[in-house]
Amino acid sequence: MNLKQLKYFTVIAEEHQITAAANKLHIAQPPLSYELGMLEKELGVTLVKRGPRNAELTDAGRLLYKRAEQILAVTTAAEREIRNYGRGMSGVLPIGAISSSGGIIPDERMLEFTNHYPDVRFELHEGNTFAIIDMLEKGIVDAGIVRTPFLSDNFNCRYAEREPMEAVMTKDREVGDSSGSVTLQELAGAPLIIYRRFEQLFSETFAAENLAPFVCCINDDARTTYIWAKKGFGVGLLPKSILRVLNPTDMICKDILSEKLTTQLAVVWRKERTLPPLAAKFVELFENQQGTTG
């Protein structure tokens, strides 16, 4: 089994047809079928069910496709890292970023960074904090922009300023006596919308006050939380900085009065890994933030 065979196999899996895969790879169909056959012979399993008009993966094929994606991603990352190492301050800068970082990243400092190094191309990989950490572990990205809380033992970290969590609601769903803030007690009487990333944090914080709020929706993205709140399903709880991107002019937004319900963005990278010059310079952008740990 070699990288060429894995590449051919993934294209077949994605195109669901041998002919279409051959066209995408710019090769003839017989060599592609031959490589697939050799791969199946070597592994001793059928990977693809061939039909007159389509090619569908078997259970073994689906397992290999998942692994092949990972292998090819790591291989690409390794090739890029070696090429970029010799280029110094040019080339590709692969970074991972969570969706809720949009209110802070990119910023003026990153724009200044590109003005200083115009030959740099950002390669952005998006996901939640756990997905970004997984990308770091696999070497797919050099640095990741994640949000606390997360396990930081294996990482060097530079943190942005601490920010409060925000309650976002329509006028019909407004809770709290104050126009700019709301207490946990006031929130406990409203249907809440949260994303899974903060489920445990919210649960523990309310429980510490002997409160048991009703969570009407749990989802996987801050933007989804905002959309559901905007539609009037309940009060959305999300990091304050993301409101800079969402621009909720027709929504009521209030700081949640709780020292525990705060969060920070952080740029992280593996402790045992020497950062390429581009990634090291990118990390320096966070030098003036609130805190640094290593």
Side-chain angles (χ1 to χ4, degrees), residues 96-105 107 124-134 144-152 159-266 290:
I98 56 174
S99 62
S100 65
S101 68
I104 296 177
I105 302 297
D107 63 3
L124 198 63
H125 298 260
E126 298 178 283
N128 60 29
T129 290
F130 304 115
I132 301 303
I133 287 175
D134 184 59
I145 301 169
V146 297
R147 186 177 289 281
T148 60
F150 62 91
L151 295 177
S152 59
Y159 293 94
E161 293 182 0
R162 188 171 294 278
E163 61 180 288
M165 300 296 287
E166 196 81 351
V168 181
M169 63 206 85
T170 60
K171 185 175 181 179
D172 292 340
R173 287 288 190 183
E174 184 176 5
V175 295
D177 295 330
S178 172
S179 61
S181 60
V182 63
T183 67
L184 295 177
Q185 289 75 12
E186 290 168 333
L187 285 173
L192 303 181
I193 304 165
I194 64 175
Y195 63 108
R196 197 166 280 104
R197 174 77 178 87
F198 291 105
E199 182 179 6
Q200 183 175 351
L201 176 62
F202 285 130
S203 177
E204 292 175 351
T205 302
F206 279 102
E209 299 293 329
N210 295 316
L211 298 172
F214 170 60
V215 177
C216 69
C217 175
I218 299 177
N219 59 77
D220 291 311
D221 196 293
R223 293 166 296 189
T224 303
T225 294
Y226 174 75
I227 290 170
W228 278 63
K230 187 177 177 68
K231 295 292 185 179
F233 282 88
V235 178
L237 309 184
L238 66 172
K240 187 173 184 176
S241 62
I242 197 173
L243 297 181
R244 301 173 192 172
V245 174
L246 299 174
N247 191 27
T249 55
D250 56 345
M251 299 286 282
I252 298 170
C253 305
K254 299 184 178 185
D255 291 350
I256 301 174
L257 297 178
S258 170
E259 292 184 0
K260 293 182 179 179
L261 289 184
T262 61
T263 182
Q264 292 172 280
L265 286 182
Q290 189 175 27

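Side chains are part of it too, since the values below use all heavy atoms of this structure and drop only hydrogens, waters and symmetry mates.
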Gap between atom SG of C253 and atom OH of Y226 - 0.5 Å precision: 7.0 Å

Pair L192-F206, side-chain contact (heavy atoms from CB on, under 4.5 Å): steps then yes or no: CA-CA 12 Å; L192 303 181; F206 279 102; 4.0 Å; yes

V182/V235 under side-chain contact (heavy atoms from CB on, under 4.5 Å): CA gap, chis, key distance, verdict: CA-CA 11 Å; V182 63; V235 178; over 6 Å; no

Side-chain (E166) to main-chain (L238) donor-acceptor, under 3.5 angstrom: no

Distance in Å, W228 CH2 paired with N219 CG, rounded so as to fall on 0.5 Å steps: 8.0 Å

Heavy-atom side-chain proximity of P239 to F198 below 4.5 angstrom: yes

Pairs touching residues 184-209 that satisfy salt bridge (charged side-chain N to carboxylate O under 4.0 Å, His left out), sequence neighbours left out: R196-D220

Verdict with reasoning, D250 to K230, per side-chain contact (heavy atoms from CB on, under 4.5 Å): CA-CA 9 Å; D250 56 345; K230 187 177 177 68; 2.7 Å; yes

Spacing of I194 atom CD1 and S203 atom OG [to the nearest 0.5 Å]: 8.0 Å

Closest contact, heavy atoms only, I256 versus L237: CD1-CD2, 3.8 Å

Closest non-hydrogen atom pair between A190 and V175, with its separation: CB-CG1, 3.7 Å

Any residue meeting salt bridge (Lys or Arg N to Asp or Glu O under 4.0 Å) with R173, in chain and number order, not counting sequence neighbours: none

Least distance between heavy atoms, V146 atom then F150 atom: CG2-CE2, 3.6 Å

Backbone of Y159 reached by a side-chain donor or acceptor of Q264 within 3.5 Å: no

Side-chain heavy-atom pair L261, P164 within 4.5 angstrom cut-off: no

Pair I98-L265, side-chain contact (heavy atoms from CB on, under 4.5 Å): steps then yes or no: CA-CA 9 Å; I98 56 174; L265 286 182; 3.7 Å; yes

Value rounded to 0.5 Å, distance of CG in N128 from CG in D134: 10.0 Å

Nearest heavy atoms of M165 and T263, plus distance in Å: SD-CG2, 3.8 Å

Listed partners of E174 passing salt bridge (Lys or Arg N to Asp or Glu O under 4.0 Å), at least two apart: K254

salt_bridge(E259, R162) N-O dist < 4.0 Å: no

Contact summary for P248 and L243, nearest pair of heavy atoms: CD-O, 3.4 Å

Side-chain donor or acceptor of S181 paired with backbone N/O of L257 under 3.5 Å: no

Residue pair D221 / Y195: nearest heavy atoms and the distance that separates them: N-CB, 3.7 Å

